[in-house]
Amino acid sequence: MMAARGARAPTSEQSWLEAAQAFIQETLCPAGKESSVQLTQLVIDCVKTAWLSQARNQGFILPLSYSFVSVQDLRTYQRLPCCSHLSWSSSAYQAWAQEAGPGGAPLPRERLLLLGTLTDLSGDLEQECKNGSLYVRDNTGILGCELIDLDLSWLGHLFLFPSWSYLPPARWNSSGEGHLELWGAPMPVFPLTVSPGPTTPIPVVYPEMASRLLRHRSKFRFVHPNLAGKLVRLSALVNSHRKTYFVLSLGSSSPAVSHVSIVVQVPAQLVWHHALWPGRSYVLTELRVSGICGHRYRVWTTSPSSQLLPLKPECVRELELELEGPVLEADPKLLPVPISSQDWTGKKGLIRNSRLLSYTGMVTSVLNEPAGLYELDGQLGLCLAYQQFHSFRRVVRPGACLELQDVHLLQSVGGGTKRPVLAPCLGGAVQVRGFSRQKPKTQSSHQAHGASLYEQLVWEHQLGLPLYLWASKALEELACKLCPHVLRHHQFLQHSRPGNPGLGLQLLAPTLDILALPDSPIRNAQKEILEEPHHCPLQKYIRLQTPCSFPTLATLKEEGQSRAWASFDPKALLPLPEASHLPSCQLNHRLAWSWLRLLPSAFHPAQVLVGVLVASSQKGCLQLRDQSGSLPCLPLTKHSEPITDPRLTGCLVRTERFQLIVERDVRSNFPSWRELSMAGFIQKQQARVYVQFFLDGALILSVPRPFLRSATRSGHSQAEPTHPDGLHMGQSRLFLLYHKEALIKRNFCAPPGASLEAPQPTLSFHVSGSWLGGTQRKEGTGWGPLEPQGDEKKNQKVLLIFLGSSVRWFEFLHPGQVYRLVAPGPLTPALFKEGGSSCISQRPLELAGYASCLTVQDEWTLELERCQDIPDVLGIEKALPESSMTDFLSGNFTDSLVSFSAEILSRTLCEPLPAPLWTKPGSPGAARKCVKLTVALETADCGSLPHLCVYIEDPHLPPPLGLLPGARVYFKQLEKRVSSPSLPHIYLAELLQGRQAPFQATASCHIVSVFSLQLLWVCAHCTSLCLQGRCTHQGPTCPTQTSVSQANIRLLVEDGTAEAVVTCRDHHVAAALGLCPTEWTSLLECVRVPGRVALHFTGPGAQLESSAKIDEPLTLFLWTLCTSLSVLRPILLSFELERKPSKILPLEPPRLQRFQCGDFPLLTRVNPRLQLSCLSIQEQEHPSSLGAFAPSH
Ligand SMILES: [Zn+2]
Ligand SMILES: [Zn+2]
């Protein structure tokens, strides 16, 4: 703050006058001239006059609290916006400040006296420096200024400015100049000489005659008429092709008569733009007719000697001219100009026309200053981007009053813009009619940059207004996502140059390319202003459907979560026939994991995924990051392969094709299926959200390096290269990766010198591979020759351990690929040879055949190497062990590890599994969490798809991203534990034929007889039997008295090749009995009272066991049903083997069995009975002819 606010008391009149004198001498006296006593006196008189104009100031002759300020002092010391009002009392200022407008602080008041010459000359040179701008100049410098009602006679005169505000340069203003807003009329220091009016009336022509004169130029070539009329139109001040000009149109008071346009392009006359008011009448003297380059028609232009005078009727007379020919000959410029129609064809019904109008209003908000977007009167949008609006930027802020002439009003432009938008084209002027009383708000970075990019969108990319407004919003959205941590604002909103497009534009380009009208004509300023009918980019528009949005990753995550929970429906997850038989614990298990996939089209507008791809050095996973946070991601290459190139880290990814995956984990205690619609039984729910996308359809942009590091390695400053010249030094060695272990927490002993705290399991992984050649040194940008190795045949097998922040390489390392391990910094001999730093003892390594073991240091990096560059890789690759699927499915597969590719069919949280499988020695009785995947193998040689179950247990939980139903996954070196083949259609006898038989299959067979049937009700909580709906459990009573029904049936089926005993459970029993759901429900209801009904049949004759009471109606009904043709019928059975085939054969040899065929007993050798579990039963549409042994009745 430069003003001497508190200095009032000690300042005497005398010292004030002395200071004034010194100031005037130095600042205002014309340079090189001697001190002018007269000037000093005139200035002080002028200050006094202004000061004393306020009655309450009469007590003091001089404004002692005010000090003089020079232009240079303002520019140098005044860093904050301020205003000064010489004659105002404090209460007058308070009242003025009260009306500063909504939501803004008023400009603070300084007590400063400003004097200077008002001029339109920016430099010392003449003419060339005039571009229509106004300045205040004193001996110390010059400052741009704005003045609302300029009187042209003021130019070049010295003034005292009693009321003004000063705004120091804004951040975007690279020229670093502040500017003045001059309130009210300035007070001349020297009395202005009033020029006497012309002695004789000026001869003038009126617009109508002027139009006709244009067409008779040959005759009146040498007539330079004066033109009089009312200002009906004023264009913007246009700068194109290094020429600045504007066009004004004069008309008569009667609107019926056409107006005539005058081009003003003489530099000294450009300042008229400040003085012209539409609606006022003027005389323009000494006009000339001039052709316009590239156009057929001619216009009036001013000559260097032309003058702009206010029209006073008493001072003019009409010039008499005699013109022949028709009065209203078609003017070539009135010919309709065809609008480039090809752009709009096919969209005819959608085209809207904007309205041209004039509007005066107050700016209430700045929406996006670099983009020229403001709010007017709290309800209208204002877009200045279609004008060259640089000069307005400093004035247009909340509180400023603007008059818009011939501005386009566009309503419902769409694209997310709700309110109507006013947008002036070059044909209409924007004039400041009142300065803002508000202090400009401090700009945030994104509000300060990007002006030239926005200009590019309008002037080069020719965006229409709806699309421009959307693009501006999208750029703001993207800047908020990415700046300033990923990129600085000025980088993001950089102007695009050919070959070097700015990042912001690159992210928008895919959308703009689709939506921008092709071949939009390049704007021609002269045509836009002069041509009639009017044609400009704002005239016609099509409502824009919001093409897409760029949500922050945090928003995307939240949205995904909220949708996942909104759509979580236990009833939908558990279809009824099955759910109704599930006891509580199984029911809740089945609900424990579910997932939702959201595609971009599920959002309105569609979402575009944008973020920086980083590999987390804490978790090892890949993430997309933006300002709002990070989202785990699974990028895949074209062929669904994982990514291998570490150079992708730090790249900006943009994709419209992605899947947002939400995995729901729910802990619930639903007593039974009946309560599934009640939310109260959900105890805990959490969601894991991540994205999957293909790199192929994505836009991958590299980000300038300095910002990358801070984004990827926040909190890992120790990983930065410590050597200043480390970038130019380094060594590397190639290796071929054989095998990668999972990324899990492992126990590592603390490295020597580490703290003595108990060792914590550390997230880590290791890979095994083979060195390819020796170490190489960095030479320039490449790598030097291989360092010779001692022994060529030496074992090159190496184990690399990744822990700490080097787990970030996990996602990029894949078997079969060749990588270059790079250690930056000065050379360390034998760096890649020994495993000195490793904590793994040497002995097990030797046993495993490793020559060395290395811990990968944090600052080391990995590069993917192209295999074809390395000659001996292919040979080695063939030597990698490969497991055959055929071997795997058969029992003689000796290796317990297996790799295969498969499609995931289902994923469930595992039910407690048989103890031998899951309880290892040392972890007694652990009922651990486990994820079960059912997968279909992809094999080339097998027509059917064998099915497998894959179990994932701790410490591999939670499972890796993307293990979802429908996904094709390559499982690498899984431990083979459980396998169960397929659903091909087979003959039952095939199951007896050996090891290649599938575990799951479908067969067309016939139900020969029923062995047993049991229907019961059990407690949903403890699964004890329920009698009359009450739990029979001894001991503490169960919390709920909910019971579920259960059922099982054992059937004998045969298909002509073999027979099998099939066990069906629960709802499959209904299918086996051929009952429809209502029949099944009522049957179960009948069982509720006895609690349990069991029937045992003694064999093919279907005799009831003596224990059963056949006289009971329910038992009798069931017996009848089980022996009737409605049960004993052909079916299509899907099953799985209850026992592995290897356990069936050869343990049970064929045995002899007696059959009763009519009256003849038959003895025949039959194979052992297969034991099958029913997966589903369907009715045979065409009864199988294989049912040769159908029982006869
Ligand atoms: Zn227009
Ligand atoms: Zn119970």
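All ligand and atom numbering here is 1-based and tracks the order in the structure.
No side-chain donor-acceptor contact under 3.5 Å links Arg233 and Gln405. No donor-acceptor contact under 3.5 angstrom links the side chains of Ser580 and Arg674, judged on distance only. Donor-acceptor pairing under 3.5 Å is recorded for the side chains of His581 and Ser1045. Side-chain contact of Asn588 with Ser668: a donor-acceptor pair under 3.5 Å is present, judged by distance alone. Side-chain contact annotation: Ser261 with Ser249, donor-acceptor N/O pair under 3.5 Å present.
Excluding waters, the set of protein N/O/S atoms under 2.8 Å from the Zn ion (ligand 2) reads Cys1019 SG, Cys1022 SG, Cys1031 SG, Cys1038 SG. The Zn ion (ligand 1) has His408 NE2, Cys425 SG, His534 NE2, Cys536 SG as protein N, O or S atoms under 2.8 Å away.
For the pair Arg1092 and Trp1017, the cation-pi test (distance below 6.0 Å, angle within 45°) is failed.
Electrostatic pairing of Glu369 and Arg397 does not count as a salt bridge here, judged by no charged N lying under 4.0 Å from a carboxylate O. We find that Asp406 and Arg355 are not joined by a salt bridge, their nearest charged nitrogen and carboxylate oxygen being 4.0 Å or further apart.
With contacts defined as side-chain heavy-atom distances shorter than 4.5 Å, the pair Leu591/Leu574 qualifies.
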